[in-house]
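First listed ligand is number 1; within each ligand, the first listed atom is number 1.
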Amino acid sequence: MFLKLFLPKGNVALVEGGHILRGVIEISGGKNASLPCLAASILSAETSTIENIPFITDIGCMLDILTHIGSKVVLHESSKSVSITPNVACPVIPSELSKRMRASTLLLGSLLATYGYAKIEGYGGCPIGKRPIDLHLRAFKLLGAKITMKENFIEVSARKLKGAKINFNFPSVGATENALLASCMADGKTILTNVAIEPEVLDLVNMLKAMGADIVVDVNKRTIIVNGCRDLEGCRHRVIPDRIEVGTYAVASAITYGNIQLCKLNTCHIAEVIKKLVNMGVTIDIISCGHIRVIVEEEELRSTDIITRPYPGFPTDMQPQFTSLATKARGTSYITETIYENRFLHVPELKKMGAKISIVDQRTIAIKGPTILKGSSLHAKDIRGGMALVLAALSAQGVSYIDGVEHIWRGYENFIEKLEKVGAKVRVIDSV
Ligand code: EPU
C-alpha cells in the first residue's frame, strides 16, 4: 500500500540537455538513514515517530514490511514523518517485499531482538556486486542466534541473545547496523570493532539512544560498545539529510555549469565529495553548515582521480555521478571502485552518448575529456548509475530517453520536480 503510494507514474525519463540549472534545491531526509531507523522502531513496544522521511519507493517497501509483520504505520504526509506502533504477528518477510531491496535484511536484527525469530524469503538490492550478508549472520551467531540458510530463505532464532565481542573483517554498514539492532537488548556487553562509521550508522545510534539504549561510540577507533538493556522506549527521531542527494545535485550544478544552492543539508557529511569537486574546479560557497552554493566559475573542469572507500573516504554511492562529471573535465580521470565488484553498469550507457571511457582493470576505469555528450536512448539499471545517466543527459546535446526510472525512484525523492524547479527540461513518460 505504501509502496504503491510512492510509485512513479511512468518509467521513462525524457531529458532535454543543454540547459543551465539555477535555483534552490531542498535536500530530503536520507534514504540509508531512514531505513535502519524504521527497522529500529519495532524494538520498543511503544510508538515511535520518525521525521524527515523521504517519500521514495524503498521507504514505501519498508513501511509495507512493517505493516505486514503486524505493526501499525501512520504516515503524516504534510510533516514528512511516520509513526510506528510495533506489533509482531508474523515475523516472516515474504519474497515479494524482501527481494525489492537489501535493507529488508535489517529487520532480521530487530525481529531477533524482540521476537526471537525471523525469516526472510531472500533479499534484493541493486545488481552492483555479490552482496552477501555473511557478516550480518556471523554477528547474530556470535550473539547466540541459530542460523538456517536454505535456497529460498534465511531463518534466525534465539531464546535470548548474549553480549559478545564481534570484529568485522570489513566495516560493513548493514552488518554494523544489524549487530546494533540485535545487541541493544542482549544480556550484557557487546563490543563491536572495525565498525562502519557512516553518518547513517551514527544516526541509528542516536535513535537507539533516544529509545534508551546504552551505546558508546569511538569513531576514531571504529569501536562501538553496547550495554544491553531490558526494554527500550518509543521515541521521536529526525533522520539526517541525504548526503548522496547533496552530492548528486552538486554534480548536476557542476555538469551544467549552473548555479544551484542546496539547503537543509549537513556539510560535515560530504567533506570528501566537496574536496573532489573543488579539485575539479568547482566553486563551493559554504553559506552555512546547512546551505551551500555550487557554481563553476572557471572555463573548464579539471580531471580527477577517485578511489571509493568506506566513510570518511569517498562514497561509492557518488562514483557513478562523478563518472558522468569526469566526461566534461580536461584530461584523463581515473576512478577506482573498491566497495562493489560490479558498479560500472552506467559506463556502457555513457559510451552510447559518446563518452570516452576505457577499462584499466577490473576495478578501475579511465575517462578522457572533455567530451560533448549526445542525447541517446539509455537504460538505468541501478539507483546511482541511473541518476548518473540523468546528469549526463542534462549536459548533453539533444534529447535522451532513459528507461528503468523506477530504479532512480527507489532513492531520489521527487527528482523530476526538484530538477524542473532549477530549470531542467525533464519529465517522465510511460514508454517511448
Ligand atoms: N559485504 C559482504 N558481506 C556482508 C556485508 C557486506 O561481503 O555481510 C560486502 C558487500 O558485498 C559490499 C561491501 O561489503 O561489497 C559493502 O557493503 P556494506 O554492507 O557496507 O553496504 P550495505 O549495508 O549493503 C549500504 C547502503 C548502500 C551503500 C553501502 C556502502 C543501505 C540501505 N545501503 O549498503 O547504498 O552503497 O552501504 O556505503 O544503507 C545506495 O543507496 O545506492 C546503496 C547501494
Side-chain angles (χ1 to χ4, degrees), residues 28-40 54 56-59 61-62 65 98 100-109 123-142 147 149 154 156 166-182 194-204 222 239-240 242-248 269-270 272-273 308-321 337-343 345-346 362-363 380-388 407-413 415:
S28 300
K31 164 177 90 75
N32 293 344
S34 302
L35 290 165
C37 288
L38 288 169
I56 49 177
T57 50
D58 270 18
I59 296 298
C61 181
M62 187 57 115
I65 294 175
S98 66
R100 295 193 78 103
M101 60 172 188
R102 181 173 166 87
S104 53
T105 57
L106 293 171
L107 262 313
L108 290 176
Y123 57 89
C126 291
I128 50 182
K130 291 193 216 93
R131 311 188 79 187
I133 57 163
D134 54 316
L135 302 176
H136 306 227
L137 299 179
R138 182 176 165 271
F140 295 152
K141 214 168 166 185
L142 289 169
I147 317 286
M149 279 182 84
I154 300 171
V156 292
I166 303 170
N167 178 58
F168 296 104
N169 62 18
F170 175 83
S172 153
V173 172
T176 304
E177 290 167 344
N178 243 334
L180 278 165
L181 293 165
N194 198 27
V195 295
I197 51 166
E198 268 68 3
E200 293 75 20
V201 174
L202 303 184
D203 197 40
L204 171 64
R222 284 191 179 273
V239 296
I240 55 171
D242 195 314
R243 66 190 164 104
I244 304 304
E245 201 194 12
V246 178
T248 301
H269 297 163
I270 50 160
E272 209 46 35
V273 170
T308 63
R309 300 264 188 230
Y311 193 84
F314 187 89
T316 171
D317 292 347
M318 280 305 302
Q319 176 266 107
Q321 301 88 318
E337 172 59 55
T338 72
I339 308 294
Y340 295 109
E341 305 89 359
N342 191 28
R343 205 172 203 176
L345 298 171
H346 49 289
Q362 226 182 343
R363 302 223 134 178
K381 297 175 190 134
D382 65 293
I383 306 175
R384 309 303 172 189
M387 196 57 168
H407 295 289
I408 306 177
W409 243 281
R410 289 185 51 202
Y412 288 95
E413 185 177 50
F415 78 92

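- Of all the heavy atoms of R131, the ones lying under 4.0 Å from any atom of ligand 1 are found in both the backbone and the side chain.
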Next item on the list: Evaluate the side chain to side chain donor-acceptor pair (under 3.5 Å) criterion for residues R243 and Y311: first the C-alpha distance (whole Å), next the side-chain angles of each, then the deciding distance (0.1 Å), finally the verdict.
Entry: CA-CA 12 Å; R243 66 190 164 104; Y311 193 84; over 6 Å; no
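- Using a 4.0 angstrom heavy-atom cutoff, G129 does not count as in contact with ligand 1.
- Remark: the T308 side chain and the Q319 side chain contain no N/O donor-acceptor pair separated by less than 3.5 Å.
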Next item on the list: Take K31 and E245 through the test salt bridge (charged side-chain N to carboxylate O under 4.0 Å, His left out) and record every step on the way to the result.
Entry: CA-CA 9 Å; K31 164 177 90 75; E245 201 194 12; over 6 Å; no
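- Enclosure of atom CZ in R410 by more than 12 non-hydrogen atoms of other residues, nucleotides or ligands within 6.0 angstrom is indicated.
- The contact set between ligand 1 and Y340, taken as ligand atoms under 4.0 Å from a residue heavy atom, comprises 12 (C), 15 (O), 21 (O), 27 (C), 28 (C), 29 (C), 30 (C), 34 (O), 36 (O), 44 (C).
- Counting heavy atoms under 4.0 Å from ligand 1, residue T316 touches it through the side chain alone.
- Taking every heavy atom of K31 and a limit of under 4.0 angstrom, the matching atoms of ligand 1 come to 40 (C), 41 (O).
- Within a 4.0 Å radius of atom 40 (C) of ligand 1, the protein has at least one heavy atom.
- Looking only at protein heavy atoms, the nearest one to atom 3 (N) of ligand 1 is D134 OD1, 2.7 Å.
- Ligand 1 does not have E200 within reach: every non-hydrogen atom of the residue lies 4.0 Å or more from it.
- With no hydrogens or angles considered, no side-chain donor-acceptor pair links R363 and Y340 at under 3.5 Å.
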Note to self: Evaluate R343 against D317 for salt bridge (charged side-chain N to carboxylate O under 4.0 Å, His left out), listing each step before the verdict.
What the structure shows: CA-CA 9 Å; R343 205 172 203 176; D317 292 347; 2.7 Å; yes
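- With respect to atom 32 (C) of ligand 1, the closest heavy atom belonging to the protein is N32 OD1, 3.4 Å.
- At a heavy-atom distance under 4.0 Å, atoms from both the backbone and the side chain of L135 approach ligand 1.
- Judged purely by atom type and a 3.5 angstrom limit, N178 uses its side chain to pair as donor or acceptor with the backbone of T105.
- Counting the atoms of ligand 1 from 1 in the order shown, those under 4.0 Å from a heavy atom of G174 are 19 (O), 23 (O).
- Every atom of ligand 1 with a heavy atom of F170 under 4.0 Å away is listed here by number and element: 13 (C), 14 (O), 16 (C).
- With hydrogens and angles disregarded, a donor-acceptor distance shorter than 3.5 Å links the side chain of N342 to the backbone of P127.
- At least one side-chain heavy atom of E272 sits under 4.5 Å from a side-chain heavy atom of F314.
- Ligand 1 has no N or O atom lying under 3.5 Å from any N or O atom of E177, backbone or side chain.
- Remark: the backbone N or O of R102 is not paired with any side-chain donor or acceptor of R131 at under 3.5 angstrom.
- For ligand 1, the atoms sitting less than 4.0 Å from at least one non-hydrogen atom of R343 are 36 (O), 42 (O), 44 (C), numbered in the order shown with element in parentheses.
- Given atom 19 (O) of ligand 1, the protein heavy atom at minimum distance is S172 OG, 2.6 Å.
- Residue, atom and distance of the protein heavy atom nearest to atom 4 (C) of ligand 1 are P132 O, 3.1 Å.
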Item checked: Test log, rule side-chain contact (heavy atoms from CB on, under 4.5 Å), inputs E177 and H136 -> CA-CA 9 Å; E177 290 167 344; H136 306 227; over 6 Å; no
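- When the shell of 6.0 Å around NZ of K141 is examined, it contains 12 or fewer heavy atoms from other residues, nucleotides or ligands.
- Shortest contact from atom 42 (O) of ligand 1 to any protein heavy atom: R384 NE, 3.0 Å.
- When only non-hydrogen protein atoms are considered, atom 20 (O) of ligand 1 lies nearest to V173 N, 2.8 Å.
- The nearest heavy-atom contact from the protein to atom 24 (O) of ligand 1 is R102 NE, 2.5 Å.
- With respect to atom 12 (C) of ligand 1, the closest heavy atom belonging to the protein is I339 O, 3.5 Å.
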